Protein chains: 2
Amino acid sequence: MLDERKKKILQAVVYNYIATALPVGSRSIAKKYKLGLSPATIRNCMADLEELGYLAHPHTSAGRIPTDKGYRFYVDSLMEREDLSLEEKARIEKEYSDRMNRIDQIMEETSQVLSLISRYTGLILAPNLEKSIFHHLELVSLENGRILSILITGSGLVKNKIIEAEEILPEERLEEILNLINDRLSNLPLKRIKEFISDQLKIKTYSVKIWELMNQIFTWDGAEELYLRGRINILEQPEFKDLARTKSIFQALEEKRLLVEVLSRSTPSEGVRVLIGKETKCRKIRDLSLVTSTYRINGRPVGVLGIIGPRRMEYSKVVSLVDFMAETVSKVLTNLSHTTISKVGE
Amino acid sequence: MLDERKKKILQAVVYNYIATALPVGSRSIAKKYKLGLSPATIRNCMADLEELGYLAHPHTSAGRIPTDKGYRFYVDSLMEREDLSLEEKARIEKEYSDRMNRIDQIMEETSQVLSLISRYTGLILAPNLEKSIFHHLELVSLENGRILSILITGSGLVKNKIIEAEEILPEERLEEILNLINDRLSNLPLKRIKEFISDQLKIKTYSVKIWELMNQIFTWDGAEELYLRGRINILEQPEFKDLARTKSIFQALEEKRLLVEVLSRSTPSEGVRVLIGKETKCRKIRDLSLVTSTYRINGRPVGVLGIIGPRRMEYSKVVSLVDFMAETVSKVLTNLSHTTISKVGE
DNA sequence: ATTAGCACTCTCATTTAATGAGTGCTAAAG
DNA sequence: CTTTAGCACTCATTAAATGAGAGTGCTAAT
């Protein structure tokens, strides 16, 4: 375990490096933080910290910079959260006006706000459909046996999909199915419904065709549900002024698939989660850190939001921001879900 | 008017500069293009071209680079279109599989393809709703008098909107309205319908409340309908290796509002349109060029697509690409619109 | 009208030297 | 035994100096 002095010095290094992006030396620590120690003593201590893996040398005779391990210790044990100012909180809450009643609006707005306030890149993964509750289905038959399905979830998410029926179904039949679904399956989690359908497909009680149709309706491609804002903010960071490296990072940020994977791996544990550098387990973004939290609808976690930025991130602020945003979005979405379908027109 | 020699030399300069991004001098032109002229002659000629405003000096004793006027003349009078290869055409057409039956998929795919093939930034403005034809409306009543409206256009575009009814409408009434709309207004352009509604609002024949509701349903915010892909490709261009400048361009590319405005200003004239540098009439992107064309559904123009990239763009290729893509998207969308609603379930 | 020749200009890459922050070690002081 | 002062040494960064190269503009000759 680190002794008090080492903690103080580690903290000073991390703090300074986050602020300046410059390797920090013993002299400047002695000057800025009144630790009552001479540079030489600090030097010895820093050498110890380096041996223990918390700090690193870019080259001999440069100051120290924190390693992933160093940041990790800082985040876990040294950092104090820096709460958002009242203004900021007010500003955020004001953004979610009542008129914002579509999930995609809320997603866009949230990623935008995350990015604007943090000056890093904000992201949010849309509510996972599987975890949503089914509320209502509409079917509109088109030409050539195509059917437009409109799926509405308890949280007010509307999902359109055009499906192909191999044979043209008579209208009564369609209506029959529709009623069955809306009557019997309403308020069930979508995941349950999928299971139900695939069971039916196995048993082959009903017409198989119809259950295949249902299967299509309740199957969707999970991609494309990530909202990202403020990618350019990466360019603000001095450590990415080198284009060659930055470009590959930009490319990574364009790969939604990649980010979605990393994000969904971000376990839905309580509170805010921080992944630093290599901890993201993804080569392409190993120079970035990720601060995430889950948001909920009616208490059940449905999605992830957060911020991606340089390893040298202002964790103390960002953690608070992400926490607050998760709360806010949860409130907004829960609220929205209460104003959703109770009765169905026609 | 430029004489034959000047044209040849201007063409050589533009061509060379597009290929290399380096100011081009008299010597290299004399060497590469067998014009049968000595460097000195070419020098004189280039000096003339400069005086006429087609070329510019970055500084004394550097080669020439084309001005906007130079590019303009090149595009209008000198350039020959370079058709896409058969492979490329096949590759593009293959991308639009039959399974692609949602407008937003087509938009994403199109901007993606534009970007991939050109190596610049691809963009497409979704079909203008006002110019679309109304096909069908569904209404689902929610709690608190909120109503989910699902608007389907002739081109298969589905638009959801939650609207607030000030007083709760009885279900029969809602159905009545719905039938009225679907029976009487189907196949009319949406613009006509909006006019019709505001007329009704003025006359106040029917219940005003209901027409206000209709007004809400048929009113939408035009924003957010721009699809952009391949922004990073800007970083590939050597002239943007200077971060300071590039950043502001990136910022401009993030401002959808701005781009939408520039794009919609791009008149729906026949064929491909090229805007070079300052011609975009927008300071923030005055170092970029825009190549656009309109795409159609059933022959009527409904949207714009194109490419945005450095002024030093490979116009001869890009113009062909944009032209071909406009044709392809028009076909795909027209095709889609034919498989749309004929009869309505329930 | 065209071209060869030449002086001149400006950029860019490379070299060289100076600067300076920072370390590591040792020996003295507390 | 811990802390500190002192000093030699190491690199990175910066600035100035240098030279090559590309290109121009002008003049005089073809």
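Chain letters run A, B, ... following the sequence lines, proteins first, then strands; residues in each count from 1. Every heavy atom of this structure was used, including side-chain atoms; hydrogens, water molecules and symmetry mates were not. Remember, predicted model here, so these are calculated numbers, not experimental data.
The side chain of A:Ser38 lies closest to D:dT4 when the candidates are D:dT24, C:dG22, D:dT4. Taking only side-chain atoms of A:Arg64, from C-beta outward, the nucleotide of C:dT23, D:dC26, D:dT3 with the closest atom is C:dT23. Among C:dT3, D:dT24, D:dG23, the nucleotide with an atom closest to any side-chain atom of B:Arg27 is D:dG23.
Place B:Ala40 and A:Met46 on DNA chain C by their nearest nucleotides, and B:Ala40 ends up nearer the 5' end. Checking A:Glu50 against B:Gly36, the closest nucleotide of DNA chain C that is more toward the 5' end is the one next to B:Gly36.
Atom CD1 of A:Ile42 is separated from atom C1' of D:dT2 by 15 Å (rounded to the nearest Å). Rounded to whole Å, the distance from NZ on B:Lys31 to P on D:dA22 is 8 Å. The distance from atom CD1 of A:Ile29 to atom P of D:dT4 is 15 Å, rounded to the nearest whole Å. Rounded to whole Å, the distance from CG on A:Leu55 to P on C:dG22 is 14 Å. Rounding to whole angstrom units, CD of residue A:Glu51 and P of C:dG24 are separated by 11 Å. Separating the CG atom of A:Asp48 from the C1' atom of D:dT2 is a distance of 13 Å, rounded to the nearest angstrom. Atom-to-atom, CD1 of B:Ile9 to P of D:dT24 comes out at 11 Å; the value is rounded to the nearest Å. Rounded to whole Å, atom C1' of C:dT3 lies 10 Å from atom CZ of B:Arg43.
The aromatic rings of A:Phe73 and A:Tyr54 stand perpendicular to each other, their planes meeting at an angle above 60°, with 30° marking the opposite boundary.
The number of heavy atoms from other shown groups lying within 6.0 Å of NZ (B:Lys284) does not exceed 12. Heavy atoms from other residues, nucleotides or ligands lying under 6.0 Å from CZ of A:Phe324 number more than 12.
For D:dT2, the OP1/OP2 oxygens have no side-chain nitrogen or oxygen of A:Arg5 closer than 4.0 Å.
The shortest distance between side-chain heavy atoms of A:Leu288 and A:Leu290 does not fall below 4.5 Å. The side-chain heavy atoms of A:Val113 and A:Met325, taken from C-beta on, include a pair separated by under 4.5 Å. Side-chain contact between B:Pro66 and B:Tyr74 is absent, with no heavy atoms from C-beta onward closer than 4.5 Å. For the pair A:Leu228/A:Ile124, no side-chain contact is recorded, criterion being any heavy-atom separation below 4.5 Å from C-beta on.
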Atom pairs under 3.5 Å, N or O on each side, protein against nucleotides 10-21 of chain C: can you list them with distances?
| unit_1 | atom_1 | unit_2 | atom_2 | d |
| --- | --- | --- | --- | --- |
| C:dC10 | O4' | B:Ser61 | OG | 3.3 |

Polar-atom pairs under 3.5 Å, protein N or O versus N or O of nucleotides 26-30 of chain C: list them with distances, or write none.
none

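Under the 4.0 Å criterion applied to side-chain N and carboxylate O atoms, B:Arg72 and B:Glu279 are assigned as salt-bridge partners.
Although no hydrogens or angles enter the test, the distance criterion places a donor-acceptor pair under 3.5 Å between the side chain of B:Ser264 and the main chain of B:Val260.
Note on A:Ser28: nothing from the nucleic acid sits closer than 4.0 angstrom, heavy atoms only.
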Take B:Tyr315 and B:Ile18, measure what side chain to side chain contact (heavy atoms under 4.5 Å, CB included) needs, and give me the verdict at the end. CA-CA 9 Å; B:Tyr315 296 101; B:Ile18 285 178; 4.2 Å; yes
